[in-house]
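Contents: one structure, followed by commentary.
Labels below follow one simple rule: chain letters A, B, ... track the order of the sequence lines, proteins then strands, and each chain is numbered from 1. No hydrogens, no waters, no symmetry mates; every other heavy atom, side chains included, goes into these values.
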There are 2 protein chains.
Amino acid sequence: MEYQTDLIILERTELFRGVAVQALREIHAVSYRKRFSAGEIIFRQDDAAASLYVVSVGRLRATQTVPDGQQIIIRYLGPGEVAGYTTLSGAATHPGSITAVDDSYLIGWSADTIKQIMSEHTAIAMNAIVLLGARYREMQLRLRELSTERVEQRIAHTILRLTAQAGRRTVRGVEIAFPLTRQDLAEMSGTTLHTVSRTLSAWEEEGIVDCGRRRVIVAEMDALTLIAAGTSPRLPNRL
Amino acid sequence: MEYQTDLIILERTELFRGVAVQALREIHAVSYRKRFSAGEIIFRQDDAAASLYVVSVGRLRATQTVPDGQQIIIRYLGPGEVAGYTTLSGAATHPGSITAVDDSYLIGWSADTIKQIMSEHTAIAMNAIVLLGARYREMQLRLRELSTERVEQRIAHTILRLTAQAGRRTVRGVEIAFPLTRQDLAEMSGTTLHTVSRTLSAWEEEGIVDCGRRRVIVAEMDALTLIAAGTSPRLPNRL
DNA sequence: TACGTCATTTGCGCCAGCGCAAATCGCAAT
DNA sequence: ATTGCGATTTGCGCTGGCGCAAATGACGTA
C-alpha cells in the first residue's frame with residue numbers, strides 16, 4: 001500500500017504531470033524511499049547535489065544560512081512538492097539546507113537517474129521548466145515585497161502565503177497546518193521574532209488572528225488581505 | 001552579416017548551448033529580428049506572454065512595479081541572455097516589465113515556436129532548466145542579502161554583481177558598461193537614491209570607487225569585496 | 001551662450017523597527 | 001507535582017536609514 005500511496009503522490013506531483021501511468025511505474029521502480037524524523041537534515045547547504053526527492057508524507061523546510069549564523073527560510077515543502085531542484089539544474093552543490101519539520105517520507109532518485117528520466121520523457125523536462133519558472137516568479141515577488149513593503153505588510157503576506165499553501169479550515173478560521181514559531185515567521189518576512197510577536201499580538205487584539213505556541217489561525221482572512229495590500233486604515237498606533 | 005552575427009550569438013547563448021549548427025540554422029530560420037531604441041518597452045508587466053527574445057546587441061532591464069509607482073530592478077540582460085523566460089514556463093502573463101536601456105537588437109520567437117523547438121530538442125529544454133535554476137538561485141541569494149545585510153553591504157554586492165556581469169577594464173578600474181543612475185542602484189539594493197548617493201560619496205572619498213553621472217567605476221575591487229562581506233573595519237562614522 | 005532638464009549631493013529631523021533584557025508562559029518528561 | 005527548556009511577550013532606548021527639501025552640477029538643445 002505504500003507502493004500505492006507513492007504512485008498516487010507521483011501522479012499528482014507537478015513534476016510528473018501528464019506522464020503515462022506505465023512510465024510512472026517505471027520511474028517509481030527506480031526510486032527509493034527514505035524516512036526522516038522531524039528535525040533531521042535532508043540536504044546541507046554546500047553539500048554535493050546528488051539526489052532529488054518528492055515529498056510523499058510530511059513537511060520540509062528550505063533555508064539559507066549566512067556564516068554568522070543568521071538564516072532565512074526560503075519555503076516550506078508539502079506532499080507532492082520537489083526538494084532538490086538543484087540536482088535537476090546541474091549545479092554542483094545545494095544552495096541551501098533542507099530540514100524535515102514533521103516526520104516525513106520522501107521518494108528519491110539519484111542525480112544520474114533523474115537526468116536519465118528527464119531525457120527520456122520530454123514532458124517531465126517541460127514540467128521542470130514550469131516548476132522552476134513558478135518558483136522564480138515567487139522569488140521575484142518576495143524580493144519586491146521585501147524591498148517595498150513595511151514589516152506589517154510583509155508578515156501579512158507571509159501568513160497569507162502559508163495559508164494558501166498549507167491552510168486547513170477549522171471552526172475558528174484557517175489554520176496553518178504545521179508548527180511555526182515567531183522566529184520562523186521572522187525568517188520568512190525579513191524581520192525579528194520580537195516584531196512578529198508584537199504584530200501578532202496587535203492582530204490578536206483586533207480578532208484578526210488567533211494564535212498560540214507554534215500555531216497560527218487566521219480568523220479574518222479579509223482583514224489580513226487588506227493589511228497585506230497596504231490599504232488598511234493604518235491606525236496611528238497599531239503597535 | 002547580421003545573419004552571421006545572430007548565429008554567433010545563438011551559438012553562445014546558454015539556452016542553445018550544445019545544439020548542432022545545423023539545428024541552430026533551422027532555429028534561426030524561424031526567428032525574427034526586432035530593434036528597440038533605448039527607453040522602449042519590450043514587455044509590459046501583466047501583458048500576455050507571447051514571445052521570447054535573445055539579446056543580440058544592446059542591454060535590457062527587467063523590473064517589477066507596484067501599483068503605487070515604486071519599482072525594483074530584477075536584473076539587467078546583456079548580449080546572449082534570454083528575455084521572457086515566462087514564455088517558456090507557460091505562465092499566461094509577464095511577471096514584470098522589460099525595457100531597453102541601450103538601443104538593442106533582439107532575436108525573437110513566438111511562444112508556440114519556442115515550445116515546438118524545445119520539444120524537438122531535448123538539449124534546449126535541459127538548458128532552459130539550467131538557466132532557470134541559476135536565476136532562481138540568484139534570487140535566493142538576493143533575498144538573503146536583503147534580509148540579513150545592511151544597506152552598505154547590499155550596495156557593494158549589487159555593484160560587484162554588475163561588474164561581474166557587465167564590467168569593462170579601464171585604466172581607472174573596472175567600469176560598469178552601461179548608464180546607471182543612483183536611483184537604479186537603489187532599486188537593485190532595496191534602498192533609496194539618497195542613501196546610495198551618500199554611500200558612493202563616502203567610497204569615493206576613500207578611493208574605492210570613481211563615479212560620475214550615470215557611471216560607476218570600481219577602483220579597488222578588493223576593498224569593495226571586503227565591504228560586501230561585512231568584514232570591513234566598519235569605521236565609526238563612515239557616512 | 002543661455003536655458004531647461006535631469007542627476008546628484010547634502011543637510012536636517014524623525015521614526016519604524018531592532019537589540020537587549022527580563023519576565024512569563026506552556027509543554028513534556030521525570 | 002516538579003522541573004526544565006524553549007517559546008513568547010513586552011518594556012525601553014537607540015539608531016540606521018528614510019523622507020523632505022533645497023542647492024548644485026552636468027548635459028543636451030536651441
Side-chain angles (χ1 to χ4, degrees), chain A residues 37-39 68-70 72-73 101 145-156 158-159 176 178-205 209-217 227 230 232 234-239, chain B residues 37-39 68-70 72-73 101 145-156 158-159 176 178-205 209-217 227 230 232 234-239:
Chain A
S37 305
D68 74 5
Q70 280 186 87
I72 66 162
I73 296 178
V101 290
E145 285 176 15
L146 203 53
S147 301
T148 64
E149 297 178 353
R150 28 200 66 227
V151 170
E152 198 184 25
Q153 290 179 63
R154 300 204 304 264
I155 298 174
T158 301
I159 293 181
I176 294 170
F178 56 90
L180 189 70
T181 67
R182 304 289 181 269
Q183 177 71 34
D184 293 336
L185 280 171
E187 286 173 7
M188 274 184 280
S189 314
T191 178
T192 61
L193 81 163
H194 308 276
T195 302
V196 170
S197 177
R198 280 182 250 267
T199 306
L200 287 186
S201 296
W203 288 346
E204 193 140 32
E205 202 132 312
V209 298
D210 172 6
C211 47
R213 193 188 168 84
R214 293 160 148 273
R215 216 192 55 222
V216 177
I217 301 174
I227 294 173
S232 100
R234 189 104 205 104
L235 313 180
N237 37 12
R238 166 180 294 279
L239 296 185
Chain B
S37 306
D68 74 3
Q70 281 186 86
I72 66 161
I73 295 179
V101 290
E145 285 176 14
L146 203 52
S147 300
T148 63
E149 297 179 354
R150 26 200 69 226
V151 171
E152 198 185 24
Q153 290 179 63
R154 301 205 303 265
I155 298 174
T158 301
I159 292 181
I176 293 169
F178 55 90
L180 187 71
T181 67
R182 304 290 181 270
Q183 177 70 34
D184 293 336
L185 280 170
E187 285 173 10
M188 275 184 280
S189 315
T191 178
T192 62
L193 81 163
H194 308 277
T195 302
V196 171
S197 177
R198 279 182 250 267
T199 306
L200 288 186
S201 296
W203 289 347
E204 193 140 31
E205 202 133 312
V209 298
D210 172 6
C211 49
R213 194 186 166 85
R214 291 158 151 275
R215 217 192 54 223
V216 177
I217 301 176
I227 294 172
S232 98
R234 189 103 205 107
L235 314 181
N237 35 13
R238 169 181 290 279
L239 296 184

OP1 or OP2 of [N] less than 4.0 angstrom from a side-chain nitrogen or oxygen of [X], does that happen here?
| X | N | result |
| --- | --- | --- |
| Thr195(A) | dC18(C) | yes |
| Thr181(A) | dA7(D) | no |
| Arg182(A) | dT8(D) | yes |
| Thr191(A) | dG17(C) | no |

Roughly how far, to the nearest 0.5 Å, is [atom2] of [Y] from [atom1] of [X]?
| X | Y | atom1 | atom2 | answer |
| --- | --- | --- | --- | --- |
| Leu193(B) | Arg198(B) | CG | CZ | 9.0 Å |
| Ile227(A) | Gln153(A) | CD1 | CD | 9.5 Å |
| Arg182(B) | Glu187(B) | CZ | CD | 14.0 Å |

Residue pair Val101(A), Asp184(A): steps toward the side-chain contact (heavy atoms from CB on, under 4.5 Å) verdict:
CA-CA 11 Å; Val101(A) 290; Asp184(A) 293 336; over 6 Å; no

Nearest-Å distance for atom pair [atom1]/[atom2], residues [X] and [N]:
| X | N | atom1 | atom2 | value |
| --- | --- | --- | --- | --- |
| Glu152(A) | dC15(C) | CD | C1' | 15 Å |
| Gln183(B) | dT8(C) | CD | C1' | 12 Å |
| Ile155(B) | dG17(D) | CD1 | C1' | 10 Å |
| Leu146(A) | dG17(C) | CG | C1' | 14 Å |
| Gln153(A) | dG17(C) | CD | C1' | 15 Å |
| Glu149(B) | dG17(D) | CD | P | 12 Å |
| Asp184(A) | dG6(D) | CG | P | 15 Å |
| Glu204(A) | dT8(D) | CD | C1' | 11 Å |

Sugar-phosphate only, base, or nothing, as touched by Ser201(A) at under 4.0 Å among non-hydrogen atoms
sugar-phosphate

Apply side-chain contact (heavy atoms from CB on, under 4.5 Å) to Val216(B) and Leu185(B), showing your working.
CA-CA 10 Å; Val216(B) 177; Leu185(B) 280 170; 4.2 Å; yes

Can you give one letter per nucleotide of nucleotides 19-30 of chain C, 5' to 3': B if a protein heavy atom sits under 4.0 Å from the base, S if only from the sugar-phosphate, - if neither?
BBB----BS---

Does the side-chain contact (heavy atoms from CB on, under 4.5 Å) test come out yes or no for Ile176(B) and Arg215(B), once each step is laid out?
CA-CA 7 Å; Ile176(B) 293 169; Arg215(B) 217 192 54 223; over 6 Å; no

For the backbone of Ser189(B) and the side chain of Arg154(B), can you confirm whether one donor and one acceptor N or O come within less than 3.5 Å of each other?
yes

Against the side chain of Val151(B), the closest entry in dG17(D), dA7(C), dT9(C) is dG17(D)

